[in-house]
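Worksheet: the structure to be examined is printed underneath.
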Number of protein chains: 2
Amino acid sequence: MSDVFKALADPTRRQVLERLKAGPKSAGELADGFPVSKPTMSAHFAVLREAGLVTTERQGKSLIYHLNVSVLEEALLGFAGLFGLGSDTPKGDPQ
Amino acid sequence: MSDVFKALADPTRRQVLERLKAGPKSAGELADGFPVSKPTMSAHFAVLREAGLVTTERQGKSLIYHLNVSVLEEALLGFAGLFGLGSDTPKGDPQ
DNA sequence: TAGACAATTAGCTAGTTATCGAATTGTCGT
DNA sequence: ACGACAATTCGATAACTAGCTAATTGTCTA
């Protein structure tokens with residue numbers, strides 16, 4: 001849980017996830033356009049991977065990154081739920 | 001937005017927010033029971049304050065902390081919404 | 001105003017994070 | 001097996017974070 005929020009705390013990493021929403025992409029495509037080096041992007045990918053937010057699959061020379069929506073959902077909505085946010089079934093409020 | 005997720009990335013700070021859900025509390029009450037020093041807790045409070053997640057109000061000798069749910073909601077549900085999570089009105093999906 | 005109490009700020013250390021260029025690993029085509 | 005390409009790992013540095021004790025600020029009460 002901490003790992004997910006830590007991953008989301010960086011704007012570059014959030015943008016990567018948003019890009020991935022449109023579909024799987026290679027590390028190269030994913031890194032393209034960001035104003036930092038490839039190794040730096042690779043480090044960001046590693047953070048996302050360790051948080052479980054993305055998975056990888058090799059395809060020839062490329063590594064394809066996939067978004068793992070369920071981890072994102074569990075963290076965001078799970079925590080929001082503790083505060084009665086975002087759901088019709090509040091957890092903590094009796095009646 | 002980054003500030004909110006950065007604040008949420010620490011388990012102590014998440015617990016503080018959860019405690020605050022039950023109602024406003026003084027810094028002392030809030031710090032009570034955590035296995036770290038008061039100054040350390042004070043630093044955590046500052047992070048939460050700067051993220052806009054809590055507000056303070058002086059009451060005599062005590063500083064009373066209030067949870068600001070709307071900031072939490074905007075960050076969690078706002079970002080979740082980008083991925084079509086947690087709402088019946090998905091933003092990015094045509095049809 | 002002096003003492004007591006609540007909380008923060010100051011100053012420090014240890015560990016982590018973001019960033020880079022250079023070197024390495026893995027895979028494909030020839 | 002070799003050269004080219006995709007991506008990561010290595011090694012270094014600068015900036016940040018969490019934690020502590022000690023000192024300071026602000027407020028109340030006697």
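Per chain, numbering begins at 1; letters A, B, ... match sequence-line order. Values below: all heavy atoms of this structure, side chains included; hydrogens, waters and symmetry mates excluded.
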message: What is the distance, to the nearest angstrom, from the CG atom on B:Asp10 to the P atom on D:dC16?
response: 18 Å

message: Between A:Arg49 and A:Thr55, do the side chains contain a donor N or O and an acceptor N or O under 3.5 Å apart?
response: no

- line: By nearest-heavy-atom nucleotide on DNA chain C, the more 5' of A:Thr12 and A:Arg58 is A:Thr12

query: Counting side-chain heavy atoms from CB outward, which of C:dT19, D:dT17, C:dA18 is closest to A:Val36?
result: C:dT19

task: Would you mind reading off the distance between B:Ile64 atom CD1 and D:dG26 atom P, rounded to a whole angstrom?
output: 18 Å

Length of the line joining B:Asp32:CG and C:dA7:C1', which is rounded to integer Å: 14 Å

- prompt: C:dT19 phosphate, OP1 or OP2: any side-chain N/O from A:His44 under 4.0 angstrom?
  reply: yes

field: Distance-minimising heavy-atom pair for A:Met41 and A:Val16
entry: CE-CG2, 3.9 Å

- prompt: Under 4.0 Å between a side-chain N or O of A:Tyr65 and OP1 or OP2 of D:dA6?
  reply: no

query: Taking atom P of D:dT27 as reference, at what distance in whole Å does atom NZ of B:Lys61 sit?
result: 12 Å

query: A:Pro39 or B:Ser26: which one's nearest nucleotide on DNA chain C is closer to the 5' end?
result: B:Ser26

- request: Report yes if at least one side-chain N or O of B:Arg13 is closer than 4.0 Å to OP1 or OP2 of D:dT17; otherwise report no.
  value: no

query: Does B:Thr40 have a side-chain nitrogen or oxygen under 4.0 Å from the phosphate oxygens OP1 or OP2 of D:dC20?
result: yes

task: Can you tell me the distance, in whole Å, between the CE atom of B:Met41 and the C1' atom of D:dT17?
output: 15 Å

message: On the nucleotide C:dT8, are OP1 or OP2 found under 4.0 Å from the side-chain N or O atoms that B:Ser42 carries?
response: yes

query: Do the side chain of A:Glu29 and the main chain of A:Ser26 share a donor and acceptor less than 3.5 angstrom apart?
result: yes

- request: Rounded off to whole Å, could you give me the NZ-to-C1' distance for the B:Lys25 and C:dA6 pair?
  value: 17 Å

message: Using whole Å, what does the distance between atom C1' of nucleotide C:dA22 and atom NZ of A:Lys38 come to?
response: 16 Å

task: Report yes or no: do B:Val47 and A:Phe5 belong to one cluster of Ile/Leu/Val/Met/Phe/Trp/Tyr joined by side chain heavy-atom distances under 4.5 Å?
output: no

field: Nearest-Å distance for atom pair NZ/C1', residues A:Lys6 and C:dA18
entry: 14 Å

message: Within the 4.0 Å heavy-atom criterion, would you say B:Ser62 contacts the bases, only the backbone, or no part of the nucleic acid?
response: sugar-phosphate

field: Closest heavy-atom pair and its distance - B:Leu53, B:Ala7
entry: CD1-CB, 3.8 Å

